[in-house]
Amino acid sequence: MDRRAADGGHAGLLNVIDLEATCWDGQPPPGAVSEIIEIGLAVVDLDTRERVARHRILVRPARSRVSAFCTELTGLTQAEADRGVPLARACETLVREHGAGARPWASWGDYDRGQFVRQCAADGVPYPFGHPAERTHTNAKAVFTEAHGLRRRPGMARALEIAGLPLEGRHHRGVDDAWNIAALVLHLADRGAWLPTRRARRSGRSSR
């Protein structure tokens with residue numbers, strides 16, 4: 001559990017989330033759908049300008065399997081995914097232990113929010129971040145693009161290069177990507193571009 005209260009702690013805390021999901025080099029096998037297999041979460045204290053916690057929740061897919069392509073991309077194996085928890089329990093953990101729904105959250109692009117919306121609806125699981133779905137979410141990629149005056153929205157790795165920050169850990173591992181995105185949020189906060197109450201800028205799925 002976060003070292004601050006799971007009811008949201010104080011107004012300066014922000015959850016940064018990055019998902020990894022089952023994927024394939026081409027079309028999915030018949031009957032398979034892309035499902036969350038890892039929830040990476042980093043907690044940012046915007047008041048003290050620091051990353052204060054990192055968490056990893058493995059999620060067991062019910063209608064797909066981890067392909068060799070997915071393992072090569074994320075490092076996650078089917079054996080690891082089998083040790084994960086059902087999505088319902090993962091969402092309960094986000095609410096109970098990490099303040100989801102009370103604490104604002106951000107991701108790199110809109111894919112992560114959309115994947116939660118789609119899979120929660122398909123599995124009959126309560127969406128953990130409150131309603132409407134975009135109420136507490138900020139698209140950090142959109143904020144970064146605007147702050148740097150870019151014509152195109154960069155993936156996470158490219159944004160780190162632009163910001164002069166190192167890529168820590170393994171790209172496309174959720175817990176590491178969340179930690180890196182949290183560094184980008186702090187970079188934006190230092191530039192005065194991150195406002196605690198700013199709302200999501202909607203976008204389609206794009207590169208991380």
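The basis for the numbers below is simple: all heavy atoms, side chains too, and nothing from hydrogens, waters or symmetry mates.
For Arg56 and Asp176, the salt-bridge test fails: no basic side-chain N is under 4.0 Å from an acidic carboxylate O. Using a 4.0 Å cut-off between charged nitrogen and carboxylate oxygen, Glu92 and Arg89 do not count as a salt-bridge pair. Under a 4.0 Å N-O distance rule, the pair Asp190/Arg49 qualifies as a salt bridge. Ion pairing of Arg51 with Glu168 is present here, as a side-chain N (NZ or NE/NH1/NH2) and a carboxylate O approach within less than 4.0 Å. A salt bridge does not link Glu20 to Arg173: none of the charged side-chain nitrogens sits closer than 4.0 Å to a carboxylate oxygen.
Other residues, nucleotides and ligands contribute only 12 or fewer heavy atoms inside 6.0 Å of the CZ atom of Arg65.
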Working note: Phe129 + Ile17, criterion side-chain contact (heavy atoms from CB on, under 4.5 Å); need CA distance, chi angles, decisive distance, verdict.
CA-CA 12 Å; Phe129 302 105; Ile17 290 178; 3.5 Å; yes

Can you list the steps and then say if Ile39 with Leu19 is a side-chain contact (heavy atoms from CB on, under 4.5 Å)?
CA-CA 5 Å; Ile39 302 171; Leu19 300 179; 3.7 Å; yes

After noting the C-alpha distance and the side-chain angles of Val44 and Leu13, does the key distance pass the side-chain contact (heavy atoms from CB on, under 4.5 Å) rule?
CA-CA 6 Å; Val44 173; Leu13 293 183; over 6 Å; no

Going through the distances and angles, do His171 and Asp177 end up as a side chain to side chain donor-acceptor pair (under 3.5 Å)?
CA-CA 6 Å; His171 194 12; Asp177 281 357; 3.2 Å; yes

Assess whether side-chain contact (heavy atoms from CB on, under 4.5 Å) is satisfied between Asn180 and Leu160, documenting all intermediate values.
CA-CA 8 Å; Asn180 284 302; Leu160 289 169; 4.0 Å; yes

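Met156 and Trp194 fall within the same hydrophobic cluster, where Ile, Leu, Val, Met, Phe, Trp and Tyr residues are linked whenever their side-chain heavy atoms come under 4.5 Å apart, directly or through other members. Under the 4.5 Å side-chain heavy-atom criterion for ILVMFWY residues, a single connected hydrophobic cluster contains both Leu46 and Ile181. Trp179 and Val185 fall into different hydrophobic clusters, where Ile, Leu, Val, Met, Phe, Trp and Tyr are joined by side-chain heavy atoms under 4.5 Å apart, directly or via other members. In terms of hydrophobic clustering, with Ile, Leu, Val, Met, Phe, Trp and Tyr side chains grouped at heavy-atom distances under 4.5 Å, Ile36 and Leu73 are assigned to different clusters. Val143 and Val16 fall within the same hydrophobic cluster, defined by Ile, Leu, Val, Met, Phe, Trp and Tyr side-chain heavy atoms under 4.5 Å apart, directly or through other members.
For Ala140 against Leu188, the heavy-atom pair with the smallest separation is O-CD1, 4.2 Å. Nearest heavy atom pair, residue Arg113 against residue Trp105, reads CA-CH2, 3.6 Å. Across all non-hydrogen atoms, the minimal contact from Asp45 to Val52 is CB-CG1, 3.9 Å. Between Phe116 and Leu94, the shortest heavy-atom contact is CZ-CD1, 3.9 Å. Minimum interatomic distance between Leu14 and Ala106 (heavy atoms only, all atoms of both residues): CD1-N, 4.1 Å. In this structure, Pro126 and Cys120 approach most closely via the heavy-atom pair O-SG, 4.1 Å.
Here the side chain of Gln78 pairs a donor or acceptor atom with the backbone of Val66 at under 3.5 angstrom. Not a single donor-acceptor pair under 3.5 Å links the side chain of Ser64 to the backbone N or O of Ser34. Between the side chain of Arg191 and the backbone N or O of Ala147, at least one donor-acceptor pair lies under 3.5 Å. Counting only distance, with no hydrogens or angles, the side chain of Asn15 and the backbone of Gly99 share no donor-acceptor pair below 3.5 Å. When atom types are taken as modelled, the side chain of Glu80 and the backbone of Thr77 share a donor-acceptor pair closer than 3.5 angstrom. Checking side-chain atoms of Thr145 against main-chain N and O of Leu150 turns up no donor-acceptor pair under 3.5 Å. Panel note: side chain Trp108, backbone Pro154; a donor-acceptor pair is recorded below 3.5 Å. Side-chain atoms of Asn139 come within 3.5 Å of backbone atoms of Lys141 as a donor-acceptor pair (strictly under, hydrogens ignored). With Ser67 contributing its side chain and Cys23 its backbone, the two residues share a donor-acceptor pair below 3.5 Å.
Below 30°, between 30° and 60°, or above 60°: for His187 and His148 the angle between ring planes is below 30°, a parallel geometry. Using a 30° and 60° split on the angle between ring planes, Tyr127 and His131 fall in the tilted class, from 30° to 60°.
Residues Glu38 and Thr74 are not in side-chain contact: their nearest non-hydrogen atoms beyond the backbone lie 4.5 Å or more apart. Residues Trp24 and Cys70 are not in side-chain contact: their nearest non-hydrogen atoms beyond the backbone lie 4.5 Å or more apart.
Taking CD1 of Ile57 as the start and CD1 of Ile37 as the end, the distance is 14.0 Å to the nearest 0.5 Å.
One side chain, Ser107 or His137, offers a donor N or O that lies under 3.5 Å from an acceptor on the other.
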